[in-house]
Every structure is written in C-alpha cells, then in structure tokens.
Amino acid sequence: MANTVTCYPLGNADTTLIELNNGQVVLFDYANMRCEDDKDDKRCDLPKELNKVVENDYDVVAFTHGDRDHINGFSEYFYLEHAKKYQSDERKKINDLWVPAAVILETALDNPEADVLKAEAIYRLKNKKRVKIFSKPDKLKDWLKKEGIKFEDVSHLFVNAGTLVPGWTLGGNGIEFFVHSPFSEHIDDKDIERNEACIIVQAVFNNTHKTALLMGADADSDLLDSIVDVTKFYKRENRLEWDICNLPHHSSYKSINALERGKTKTTPTKNVKWLFEEKGRAKAIMISPSWEIPANYGEVQPPHKEAANYYGDVATLKDREYKITMEHPSKEYPKPLKIVIDEDGFTLEKINPAMAFITNKPAPKAG
C-alpha cells in the first residue's frame with residue numbers, strides 16, 4: 001500500500017490530505033467552499049470527497065492559519081470537544097489538533113469559524129492534551145499566566161520553528177514534519193498578521209527517495225526570504241528540498257516578490273528564486289490550490305497571471321509540472337489531484353478528462 005497526497009479543487013482555498021500506508025491520516029486545512037445552491041459551481045463537495053477515503057477519525061488536523069479559505073465549514077464537519085453542539089455521531093474526530101499560536105492570541109476575528117477554532121484550541125490547551133501549538137511567543141506565555149496556567153504544565157504541547165514535530169518519525173510513522181514557521185517575532189513584535197504567522201512545514205516520507213512535500217500556506221516573499229535565511233544560517237538546506245510543493249497563496253505574485261509584480265512575469269527575490277528553482281528536485285510537482293489562471297494581467301485577486309508565468313517557466317526549464325487544482329484534469333471538470341508515493345518515489349495519478357466528465361454527470365434515474 002502506498003502513501004498519497006491529495007489536493008482538492010476548492011477555488012482559492014486549501015485542503016491537503018495525507019494518507020499513510022500504515023492507515024494514519026493527516027489533514028492540512030479544511031475549506032469547504034462549494035455553494036450547494038449553485039449547480040454550476042465546479043468546486044468539489046469537500047466533506048463528500050474526504051469521506052470517500054477517510055472512514056475513521058483523523059490522526060491530525062492542522063490549520064495553518066485562521067483565514068476563511070483555510071477553515072471554512074470545519075465546524076460543520078468535525079467533532080469538537082469544547083461544546084456539545086459540535087458532537088454528533090456522524091462527525092469526524094480530531095485526535096491531535098495543530099494550530100499556530102496566533103489562533104489563540106488573535107482578538108479581532110473576522111469570521112465565526114475563526115472564533116470556533118480559537119475556542120477549540122484553548123479548550124484542548126487548558127486540558128493539556130490532543131493539541132499542538134506552533135511557536136511559543138512571549139505574548140502566549142503572558143496569556144497563559146493570565147489564565148492561571150503554568151507554562152511548565154503545557155510546555156510539551158508547543159512546537160518551535162527549526163524542530164521536528166514530536167511523535168512523528170520516519171521509522172515509526174513513515175513520515176516526519178520539519179517546522180519552518182511561525183517565528184515568535186512575527187507574533188511578539190507587532191500586531192498579528194496571519195499570513196506571517198502561519199504554519200509552514202516540510203514533510204518527508206520514508207521511502208528510498210525520501211520524497212519531500214513543502215507546504216507553503218499563505219506565505220509572502222518576505223516570510224519565504226526569512227525562512228531561507230534562517231535555514232541557510234543553520235546549514236539545514238536539505239530541509240527546503242521538495243518533490244511536491246503546495247505553492248503559497250494560490251499563485252499570488254506576492255509570494256514571489258511582494259514589492260514588484262512585473263508587467264508580464266514576476267521576478268523572484270534572490271531567496272525565493274533559490275527556493276523554487278534550486279531546491280525542487282527532478283520531476284518535481286508544483287501545485288497551485290487556486291482558480292484557473294486568468295487570461296489578463298493586473299488582476300486584483302490571485303491567481304495572478306504574472307506569477308503563473310514565472311512558475312510555468314520554472315516548470316519548463318527545470319523539467320517539472322505546474323498544476324492548478326481548478327484545472328485538473330480540465331477546467332470544465334476539476335477533480336481531486338492525487339500524488340501516489342511508493343517505495344521508489346512519487347507519481348501524479350492521471351485522470352482521463354472524459355472519465356471526469358462521466359463521473360460528474362448525475363446518476364440516471366431508475367425505471
């Protein structure tokens with residue numbers, strides 16, 4: 001049995017499912033964006049798609065940050081421990097919840113789902129189990145003190161950048177997670193900006209190839225520049241190698257060069273260029289969790305054609321693939337994008353567009 005990584009067609013939104021060959025499942029983000037009342041909405045029915053393959057509970061659900069396009073609808077799908085109204089039998093349980101420290105510290109929340117996620121994370125933290133908090137800034141230590149919680153009693157629940165997530169090993173689970181972000185200073189030094197304080201990890205699978213998955217969340221070029229600087233300083237360049245890259249921020253030019261969009265193609269910063277052009281391995285796959293690439297330049301919302309032109313050129317020059325979730329296998333009938341990881345390496349599962357059309361058609365009526 002192989003491992004798999006699946007990214008879902010959700011428009012500009014992220015959900016990535018990792019299924020391990022030992023039966024464990026890890027989910028990064030959950031954003032059910034489909035409008036059920038719109039028959040022309042091409043985004044997938046996320047709970048339906050997940051339930052096709054996840055029969056039991058989730059070993060881990062990680063929310064990289066609290067933006068709507070990473071958490072939408074999660075309170076309708078998961079069994080949550082902090083309130084009985086989220087505890088019906090059909091809901092999926094989360095054995096271990098991963099959140100950035102910002103989720104607990106944010107006060108100006110902009111959607112109800114963010115409030116629910118914060119309440120769930122705080123409940124688990126106060127109960128000292130079934131949660132991991134990424135980063136331990138001074139602001140959070142101050143918060144714990146005000147809540148009457150001794151840091152020493154919950155220190156085992158915190159995970160810092162530059163470390164491996166405890167409890168997940170190549171020998172034991174067949175996968176390890178190296179944490180690149182968040183940095184404490186992105187929370188302590190100023191008001192919290194979610195995209196700067198998000199969870200970014202490199203997941204490495206225990207096969208001969210040591211297949212690596214880099215999860216970009218919504219990082220902009222400033223954060224990526226900092227990650228590269230820190231990684232090089234500690235001589236951990238291998239921790240930024242990747243075979244599969246879940247590209248940051250839906251192919252936004254701001255993840256390549258936040259200061260200079262470019263007229264037809266975004267020119268990367270020095271560190272971003274190194275990350276995307278030099279650290280991707282042979283036959284690597286770049287995945288943009290986004291809408292189709294627009295025809296015009298200068299669009300306000302991502303994906304940006306200028307960014308897509310850069311990623312497309314990298315794919316061509318470096319013999320890689322650049323895939324858009326809402327264009328796979330076709331714009332007309334997008335389907336989940338699955339990568340199979342076996343003992344020797346990784347393979348993008350091919351879908352015949354004609355079969356996608358058939359499976360999207362409604363079932364014929366009986367009689």
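As a basis for the values below, the full set of heavy atoms in this structure was taken, side chains included, without hydrogen atoms, waters or symmetry mates.
Using a 4.0 Å cut-off between charged nitrogen and carboxylate oxygen, E120 and R124 count as a salt-bridge pair. Salt bridge present: D243 and R281 bring a charged side-chain N and a carboxylate O closer than 4.0 Å. The existence of a salt bridge linking R320 and E277 is excluded, since no basic side-chain nitrogen approaches an acidic carboxylate oxygen closer than 4.0 Å. Classification of K128 and D153 as a salt-bridged pair fails, no side-chain N sitting under 4.0 Å from a carboxylate O. The pair K305-E299 does not meet the salt-bridge criterion, since no charged nitrogen lies less than 4.0 angstrom from a carboxylate oxygen. In summary, K150 and E152 do not engage in a salt bridge, as defined by a charged side-chain N under 4.0 Å from a carboxylate O. The pair E306-R261 meets the salt-bridge criterion, with a side-chain N (NZ, NE, NH1 or NH2) lying under 4.0 Å from an Asp/Glu carboxylate O. Salt bridge absent: K118 and E106 never bring a charged side-chain N and a carboxylate O closer than 4.0 Å. In this structure, R130 pairs ionically with E81, as a charged nitrogen and a carboxylate oxygen lie closer than 4.0 Å.
Between the side chain of D57 and the backbone N or O of K93, at least one donor-acceptor pair lies under 3.5 Å.
With hydrophobic clusters built from ILVMFWY side chains whose heavy atoms lie under 4.5 angstrom apart, I94 does not share a cluster with Y123.
Cluster partners of L164, by chain and number: F178. The rule joins Ile, Leu, Val, Met, Phe, Trp and Tyr whenever side-chain heavy atoms lie under 4.5 Å apart.
No more than 12 heavy atoms of other residues, nucleotides or ligands sit less than 6.0 Å from atom CD of E55. With a 6.0 Å radius and a threshold of 12 heavy atoms from other residues, nucleotides or ligands, E90 has its CD atom above the threshold.
Screening residues 283-322 for ring-ring contact (aromatic ring centres under 6.0 Å, His included) gives Y253-H304, F276-Y311, Y311-Y322 as the qualifying pairs, with residues at least two apart or on separate chains.
For the residue pair S221 / D225, no side-chain donor-acceptor distance below 3.5 Å is found, with atom types taken as modelled. Side-chain contact of D229 with Y234: a donor-acceptor pair under 3.5 Å is absent, judged by distance alone. Checked by atom type, the side-chain pair E19/T4 shows a donor-acceptor distance below 3.5 Å.
Note: F158 and F134 fail the aromatic proximity criterion, with ring centroids not under 6.0 Å apart.
Between F177 and F28, the ring-plane angle classifies as tilted under the 30° and 60° cut-offs.
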